[in-house]
Amino acid sequence: MKSTVICLILCVTIINANPIIITFINEIQTAPDNQEAIELHITPYGNSYPIDISGWRIQSNAGFAIINQGVTIPPDGFVVIDATNTTGIFNLNDTADVVSLYNNQGFLMDRVVYPSFPASWQGGPAPPVGSSISLYRSPVWSSIYWDRVNWYVDLSPSLGLPNDNWSSISGTIFNSQGQPMSNRIVIANGPTGGMNCLTDANGNYTIAGLGEGKYWITIWNTYNQQAGNYYDSVYVGYNQNVTGVNIIIPMTNIEQENIHLIQENLLSMPNPIKNNTAISLSLEKNTVLKIYDASGKLVKAVHNNQGPIKLSFNSGIYFLKINLGNETLTRKIISVK
C-alpha cells in the first residue's frame, strides 16, 4: 500500500511540474488467445525499487481482472500480466479494445486504445495475430515535441524484455555549402504516427521507433522555426531501417523569406475544417502545391500558381506539400463532417 501511494504521488507530481507523460503499459499482445498478455514498465524514469501492484485492475471491453498478490514491477524492469497472474476476466479483443490500468485505490494509471491513428501515447494499431504493439519514447525533448511517444507493430514480440523491433529512417543534414548541420530537430510524421531526433556533430540523424508506413520528414532549428523538408515521402516496412535519406537545406535569403511567408499562410488555415468548405491559399511565384490523402495517394497538384487558389476537401486526413525551389513545407489537414 505504501509503495502504491508513493508511486501515485510521484506520477502526479511529475506530470504537474513538467510536461512529461508517465506510462505503465509498454506492450500488448492479443492473439492467439493463449498468448494474450500486457507488459508493464514505468517510463521514462523506471524505478529504483520494486513496485507492488497487487490488487491493481486491468480493464478491457470484456470486463476486468485483478492482479494477484505478490506481483511487482521490478526495479528498471518489466512484468508481464496475463491470465496466470490475475483473477477475473482477462480478455483482450483481437481487433479493437480499450485497455486501462487502475491502481488499488481506483485511480487510472494508464490507458491504451487500439486501433488509433495516427499512433500516439494514447494508442496505436491493432496487433496482428502473433504480433504485439510496442511503445517507443523519443530520447529527445524539444520545444516542438516536448515528449513524443509512439506505438508500433512488433512482428517478433518479446514481452518482459526491452522493445527493439521498430523501424527507422536515417541520413545526414547539410547546408547549401555541403557542411553538416548539427543540433537540428528532425521529425518524421505519417498516418501511422511519428517520432523525432537530433542531428549529431556530423549532421547525422536516426529517427527510431517508427511503424510501417509512409513518412514526411521536416527539419527544425528552434521553436516553431522550420528549416526545410525532405522532397518526398519515405516508406519503411516492418522492422526496416531506411538509410541514406540526406537533406540539403538552402541558405539564400529570398528562399528563406518566401518559405516563411508560405509557412505563416499554412499555419493560418483552419484545422480541422468542415468537409467541402472552400479555403483560400496564396502561393508565391514558382511554387508547386501537391495534396495527398492519408494513404499517400496524390489527390491534386497545382504548378507555378500565382495568387490565391481555393481548395475543398472531403472528410478525411490530407497532407499539403508546397515546394519552393529546394524548400518544402508540409501540413496535415483534417476534414470532418
Side-chain angles (χ1 to χ4, degrees), residues 20-47 53 58 60 73-74 76-83 85 90-101 109-140 145 147-170 187-197 206-215 235-242:
I20 298 169
I21 297 171
I22 301 296
T23 55
F24 283 85
I25 303 175
N26 197 62
E27 190 169 0
I28 300 174
Q29 185 169 356
T30 64
D33 291 344
N34 63 351
Q35 294 181 27
E36 283 189 358
I38 298 172
E39 177 189 271
L40 301 181
H41 172 65
I42 299 179
T43 53
Y45 296 108
N47 49 297
I53 56 173
I58 296 286
S60 66
I73 302 178
D76 294 318
F78 309 85
V79 62
V80 178
I81 305 298
D82 54 25
N85 55 7
F90 186 89
N91 182 268
L92 307 176
N93 188 277
D94 293 351
T95 59
D97 215 330
V98 179
V99 182
S100 303
L101 173 67
M109 306 303 287
D110 202 2
R111 174 171 288 162
V112 177
V113 180
Y114 63 88
S116 178
F117 293 101
S120 66
W121 69 274
Q122 297 170 307
V129 175
S131 304
S132 68
I133 54 172
S134 298
L135 184 68
Y136 182 88
R137 181 185 301 274
S138 170
V140 178
Y145 288 109
D147 191 14
R148 190 133 195 191
V149 174
N150 186 56
W151 287 88
Y152 64 94
V153 172
D154 187 342
L155 297 181
S156 302
S158 54
L159 280 78
L161 298 172
N163 300 335
D164 58 2
N165 292 316
W166 56 74
S167 300
S168 67
I169 300 172
S170 62
I187 300 171
N189 279 322
T192 58
M195 191 48 61
N196 62 357
C197 71
T206 298
I207 309 175
L210 300 177
E212 182 271 343
K214 287 184 177 181
Y215 293 88
Y235 173 79
V236 293
Y238 291 104
N239 193 22
Q240 180 184 10
N241 301 312
V242 176

Worked check of side chain to side chain contact (heavy atoms under 4.5 Å, CB included) between L155 and N239: CA-CA 8 Å; L155 297 181; N239 193 22; 5.9 Å; no

Full working for side chain to side chain contact (heavy atoms under 4.5 Å, CB included) between I53 and F24: CA-CA 11 Å; I53 56 173; F24 283 85; 6.0 Å; no

Side chain to side chain contact (heavy atoms under 4.5 Å, CB included) evaluation trace for I25 with L135: CA-CA 8 Å; I25 303 175; L135 184 68; over 6 Å; no

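When side chains are defined from C-beta on, D94 counts as touching D33, because their heavy atoms get closer than 4.5 Å. Between D97 and Y114 the shortest side-chain heavy-atom distance falls below 4.5 Å. Counting only heavy atoms from C-beta outward, the side chains of P32 and V129 approach each other to under 4.5 Å.
By the side-chain contact (heavy atoms from CB on, under 4.5 Å) test, S156 is found to be paired with D154, N165, residues two or more places apart in sequence or in another chain being considered. With sequence neighbours excluded, the residues that form a side chain to side chain donor-acceptor pair (under 3.5 Å) with E212 are Y235. Listed by chain and residue number, nothing satisfies the side chain to side chain donor-acceptor pair (under 3.5 Å) test with S60 (two or more places apart in sequence, or in another chain). F90 is linked by a ring pair (Phe, Tyr, Trp, His ring centres under 6.0 Å) to nothing, counting only residues two or more places apart in sequence or in another chain. Looking at residues two or more places apart in sequence or on another chain, you find a ring pair (Phe, Tyr, Trp, His ring centres under 6.0 Å) between Y136 and W166. Under the side-chain contact (heavy atoms from CB on, under 4.5 Å) criterion, P157 pairs with E27, Q29, S132, L159, not counting sequence neighbours.
In this structure, T206 contributes its side chain and A208 its backbone to no donor-acceptor pair below 3.5 Å. Side-chain atoms of S167 come within 3.5 Å of backbone N or O of Q240 as a donor-acceptor pair. Using a distance-only test at 3.5 Å, with no hydrogens or angles considered, no donor-acceptor pair links the side chain of N26 to the main chain of V79.
The shortest heavy-atom contact between N150 and G211 is ND2-N, 4.1 Å. Counting all heavy atoms, side chain and backbone alike, R148 lies closest to N196 at CB-OD1, 4.1 Å. Nearest heavy-atom pair across V80 and G160 is CG2-N, 3.6 Å. Heavy-atom minimum distance, A119 versus G124: CB-CA, 3.9 Å.
A donor-acceptor contact under 3.5 angstrom links the side chains of N241 and S168, judged on distance only.
For the atom pair CE of M195 and CD1 of I207, the computed distance is 9.5 Å after rounding to the nearest 0.5 Å. Rounding to the nearest 0.5 Å places CZ of F78 at 7.5 Å from CG of L161. For the atom pair L92 CG and I28 CD1, the distance stands at 7.0 Å (nearest 0.5 Å).
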